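Here is the structure we will look at.
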Amino acid sequence: MGNTSSSNNRRRQHGTSAYPAQRNRVASSNVANSRINSTVNSSVVTAASSINTTQSSASSTVAATALSRPGAYSVTRSDQGAQVFRVQIPLGVQPGQVFEVLCGPGNSRSVRVRCPNQSRGGNYLQLTVPPEPLTRAQMGGMAALTSATGQGGGGQVRMLSEVLQRNIEQQEVERENNTSSSNSTAPPAPPTTYMVTVPQGIRPGMQFAVDVAGQRMMVTCPAGVQAGMNLRIQTPEQQQQQQQQSSLHSSGGANSSTTSSSTSMQMFEVIVPAGVMPGQSFSLLANGQRVLVTCPPNILPGQAVRFNLPIADKSAPPIKQLEYEDIPDGWARTIRVEDMKIQWVKTKNDGDTVDTQTTTFDVKNSAYARKLRFLEGNDPRMRTGLLELVPANQSSIDSSVQRNGKQIVSYAEIAAAHDKKKFEDKAEWFQMICRDRLRLEWNEGHMKIKIRRAHLLHDSIEAVMSLSPTDMRKIWRFEFLGEVAIDAGGLQREWFQLVTEQLFDPDMGLWLPSASNQMAMRINPASEISCPENHLIYFRFLGRVLGKAMFDGQIVAGHMVRHLYKHVLGWPITFEDLEIPDESYYNSLKSLIGMDNIADMCLDFTFLENDLGENRSVDLIENGSNIDVTNENLPLFLEVNMKYHMMERVKPQLNELLLGFFDVIPEPLLTVFDFQELELLMCGLPKIDIEDWKKNTDYKGQFERTGSDDRVVKWFWEIVTEEFDHEQRARLLQFSTGEPFLQFAICFG
């Protein structure tokens with residue numbers, strides 16, 4: 001905010017001068033060479049005069065030699081307060097015209113001033129400008145990766161003993177909470193609590209920031225607690241979830257009078273279906289969302305159960321009666337009304353859930369989903385975590401986004417976005433949330449990323465890996481050192497393109513083309529051989545780049561194999577997912593099903609890896625090389641093969657990739673997309689050459705003989721060409737090939 005006042009002093013003077021209020025004269029000068037554009041609103045203090053000024057350049061309080069080095073710089077407002085200058089309007093300037101004046105230490109600020117209506121050339125104005133930006137170098141350099149397994153290597157360091165102890169204590173708290181809530185027929189369990197340590201220098205009544213369940217919140221130190229002591233805390237939204245639990249468990253028969261105290265909550269009533277006993281779950285549709293309800297104690301089939309769900313429409317009736325609707329067979333995300341967690345279930349058309357918790361692996365019904373448990377790292381800027389595959393129905397995530405203990409995106413909003421039919425509408429909603437609610441305002445601080453083009457990857461890693469998760473959500477501006485250019489968006493797009501091109505390049509040794517599609521990249525299991533000292537740093541860096549690109553609406557250069565997008569979303573991984581990365585190996589495994597005597601194949605529980613031309617045998621289970629595959633243990637053989645190829649062989653790399661991605665993107669926001677939409681959002685809608693598509697299409701079955709001359713085939717291509725829009729063509733291409741690519745000859749040649 002800047003203020004000016006005018007004077008009728010007609011003293012003539014050549015040029016433009018600025019005098020600080022302390023009467024220390026600053027010499028006049030022409031327009032500054034370098035500019036950082038930001039708007040300064042100005043108003044005149046004296047009667048009826050008003051002007052607007054635009055700050056067009058700002059100086060840095062850091063030495064020029066420091067700012068000339070590559071790295072990440074945090075740009076914030078200084079705390080020196082506004083500055084007041086006395087400015088003379090140059091001769092010949094008329095009301096409404098704009099003139100420039102240099103002010104500040106060493107004439108380092110250039111300010112554009114609009115001449116007020118009641119002033120003329122030669123008059124003096126008192127100009128008040130906001131504090132100039134302070135540019136400081138990011139402290140601490142690169143943040144080290146912390147190993148959650150205790151092994152280290154690849155760029156990771158061992159976890160410090162005190163950090164390990166805090167993580168163990170937190171794990172014990174989580175285990176207690178899980179144990180107390182495992183019996184679904186019991187009364188509502190106490191809300192989940194988290195163990196935090198009061199930082200040094202904090203006294204009772206003071207606040208400090210902590211990262212809880214992937215979200216940052218502020219904690220007030222209670223009375224009688226000192227620095228170094230441990231506290232058990234719970235997030236505010238868990239209190240709301242506890243009330244939701246109580247509402248469900250207190251719902252009895254049809255005469256229950258439980259109501260929601262919130263105007264944004266909708267009460268639903270449903271009849272418990274036949275065959276469901278207390279403690280069992282059943283699925284149905286409520287407000288367009290799949291809901292998983294656990295039958296409360298003392299409730300039998302035929303009786304009514306009421307539960308609350310947040311909704312966007314506040315004009316809905318107090319109680320809404322539900323009837324069962326057709327739910328397609330397959331895995332579906334549902335919202336658990338007990339704790340408002342999103343969970344996967346396999347459903348049938350009648351709404352019943354399929355029991356997938358069997359001891360024998362079933363290629364048709366069994367599925368696994370990744371579970372990523374976040375842990376504290378040695379450096380607060382870089383948390384760590386443990387990744388594993390769990391049965392899909394045991395995987396759950398939050399249904400809302402929290403920050404500083406406050407809800408910034410509700411489940412009702414996410415559910416409404418999920419109902420949007422068009423991909424463009426979902427993408428627009430996602431970008432709006434990132435831009436308006438998650439991204440820090442420019443004046444709250446932004447980042448300047450300075451890199452050398454000749455050392456693009458090295459400088460970029462040094463810069464990005466020095467940032468905190470909060471810095472990742474700031475506005476970034478790029479500068480290629482030695483080049484004259486202002487980043488108005490073009491440099492940012494170029495940086496994302498160049499960096500991802502280098503990282504996904506097979507010559508780097510981090511990624512390899514999949515066996516079935518050379519354009520779809522898979523993680524190289526032998527990346528440690530290519531980059532033994534820092535290969536995990538590359539994957540953490542790439543995860544952050546992918547997340548930041550998605551956050552800022554940028555496009556990346558690399559396409560990944562399908563199951564990696566599923567891992568990002570936490571979608572179920574099935575036996576069928578083996579087909580995309582390696583169709584021949586998938587077919588060989590599938591051919592074992594139905595064999596009369598598998599022992600004749602002389603197989604054991606091992607897999608032969610090829611690391612840069614050298615074969616290496618890997619045990620899929622303990623002592624696997626000494627265990628033969630038989631008809632009896634075939635399901636186990638198929639299961640461990642799926643787990644190994646889908647995650648285990650690249651778990652360290654995938655763990656860092658996901659950790660980096662979730663340093664930027666809150667996981668609940670991703671629930672509105674499927675894995676195909678996620679790829680389109682990250683890589684953009686491709687430009688599809690339909691004629692090239694036709695030439696490289698193979699026809700099977702009844703169309704194998706007639707091919708493109710068949711009447712039905714011609715109808716098909718007419719619909720694709722004339723009636724499908726860009727998104728529909730991309731989705732069809734994904735459905736038929738697994739990837740939305742243009743270069744069909746490369747994909748299939």
Side-chain angles (χ1 to χ4, degrees), residues 38 74-77 207 209-219 235-241 262-265 289 309-314 333 335 340-342 374 381 383 397-420 422-447 467-477 489 492 496 543-554 568-570 660-673 677-678 681-682:
S38 63
S74 178
V75 183
T76 57
R77 289 287 181 185
Q207 286 192 326
V210 296
D211 290 321
V212 173
Q215 303 294 331
R216 173 149 292 197
M217 60 179 293
M218 300 302 296
V219 178
T235 56
E237 71 273 11
Q238 290 169 332
Q239 297 177 354
Q240 179 182 358
Q241 294 172 358
S262 173
T263 57
S264 61
M265 299 290 286
Q289 298 295 308
L309 280 181
I311 62 170
D313 182 12
K314 297 183 179 181
R333 256 184 173 145
I335 184 75
M340 294 303 295
K341 296 282 188 180
I342 297 177
F374 297 104
R381 294 172 294 171
R383 61 185 173 178
I397 64 170
D398 292 330
S399 60
S400 61
V401 180
Q402 315 289 327
R403 184 171 65 188
N404 295 333
K406 295 181 180 180
Q407 180 175 270
I408 57 176
V409 185
S410 68
Y411 161 72
E413 293 176 287
I414 293 176
H418 184 274
D419 288 341
K420 297 179 184 294
K422 298 195 67 175
F423 164 71
E424 288 87 351
D425 295 335
K426 293 182 182 181
E428 182 180 355
W429 174 86
F430 176 84
Q431 293 300 330
M432 181 272 295
I433 293 295
C434 293
R435 179 183 63 250
D436 297 342
R437 303 194 197 178
L438 297 179
R439 190 174 68 184
L440 273 68
E441 295 291 338
W442 176 269
N443 290 335
E444 295 181 38
H446 53 279
M447 304 303 302
L467 304 180
S468 68
T470 300
D471 294 330
M472 296 298 299
R473 294 181 182 177
K474 292 179 180 178
I475 298 174
W476 289 7
R477 288 293 180 264
Q492 184 183 34
F496 280 110
R544 286 187 156 202
V545 170
L546 296 179
K548 182 61 175 175
M550 190 170 170
F551 189 86
D552 288 347
Q554 299 293 334
V568 173
L569 295 175
F661 188 86
F662 292 124
D663 280 343
V664 190
I665 304 295
E667 188 172 2
L669 293 185
L670 298 178
T671 59
V672 305
F673 301 109
E677 292 170 332
L678 179 64
L681 189 64
M682 296 174 68

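Quick caveat, the model's predicted, so the values are computed rather than measured.
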CG (Leu678) and CZ (Phe430) are apart, to the nearest 0.5 Å, by 9.0 Å
Work out which heavy atom in Phe662 is nearest to a heavy atom in Arg383; give both atom names and the distance. O-NH2, 3.0 Å
Would you say Leu438 and Ile665 make side-chain contact, with heavy atoms under 4.5 Å? no
Could you measure the distance from the NZ atom of Lys341 to the CG atom of Asp398? Nearest 0.5 Å is fine. 3.5 Å
Show the numbers, then the answer: is there a side chain to side chain contact (heavy atoms under 4.5 Å, CB included) between Lys426 and Phe673? CA-CA 8 Å; Lys426 293 182 182 181; Phe673 301 109; 3.7 Å; yes
Who pairs with Arg435 by salt bridge (Lys or Arg N to Asp or Glu O under 4.0 Å), at least two apart in sequence or on another chain? none
Taking it one step at a time, do Gln407 and Ser410 satisfy side chain to side chain donor-acceptor pair (under 3.5 Å)? CA-CA 7 Å; Gln407 180 175 270; Ser410 68; 4.5 Å; no
Between Ile397 and Glu667, what is the shortest heavy-atom contact and its length? CG2-OE2, 3.3 Å
The criterion is side chain to side chain contact (heavy atoms under 4.5 Å, CB included); which residues satisfy it with Arg477, sequence neighbours excluded? Trp442, Ile475, Asp487
At their closest point, which heavy atom of Tyr411 faces which heavy atom of Leu309, and how far apart are they? CE2-CD2, 4.3 Å
Minimum heavy-atom distance between Pro469 and Asp663, given as atom pair plus value: CB-O, 3.6 Å
With rounding to the nearest 0.5 Å, note down the distance linking CD in Glu444 to NZ in Lys474. 9.0 Å
Looking only at non-hydrogen atoms, find the nearest pair between Arg437 and Arg403 and report the distance. O-NH2, 2.9 Å
Would you please test Met550 and Leu681 for side chain to side chain contact (heavy atoms under 4.5 Å, CB included) and show each step? CA-CA 7 Å; Met550 190 170 170; Leu681 189 64; 3.1 Å; yes
For Val664, is there any backbone N or O sitting under 3.5 Å from a side-chain donor or acceptor partner on Arg473? yes
Measure the spacing between CG of Asp552 and CE of Met472 and express it to the nearest 0.5 Å. 9.0 Å
Please assess Lys420 against Trp429 for the test side chain to side chain contact (heavy atoms under 4.5 Å, CB included), listing each intermediate value before the final yes or no. CA-CA 10 Å; Lys420 297 179 184 294; Trp429 174 86; 4.1 Å; yes
If you measure from the Lys or Arg side-chain nitrogens to the Asp or Glu carboxylate oxygens, is any gap between Lys422 and Asp425 under 4.0 Å? no
State the CG-CD1 distance between Asp436 and Ile408, to the nearest 0.5 angstrom. 11.5 Å
Does Met340 form a side chain to side chain contact (heavy atoms under 4.5 Å, CB included) with Ser400? I'd like the steps, not just the answer. CA-CA 9 Å; Met340 294 303 295; Ser400 61; over 6 Å; no
Nearest-0.5 Å distance, CD of residue Gln402 to NZ of residue Lys406: 11.5 Å
Heavy-atom closest contact (Glu677 atom, Phe423 atom, distance): O-CE1, 3.4 Å
A side-chain contact here means heavy atoms from C-beta on lying under 4.5 Å apart; do Pro668 and Ile414 qualify? yes
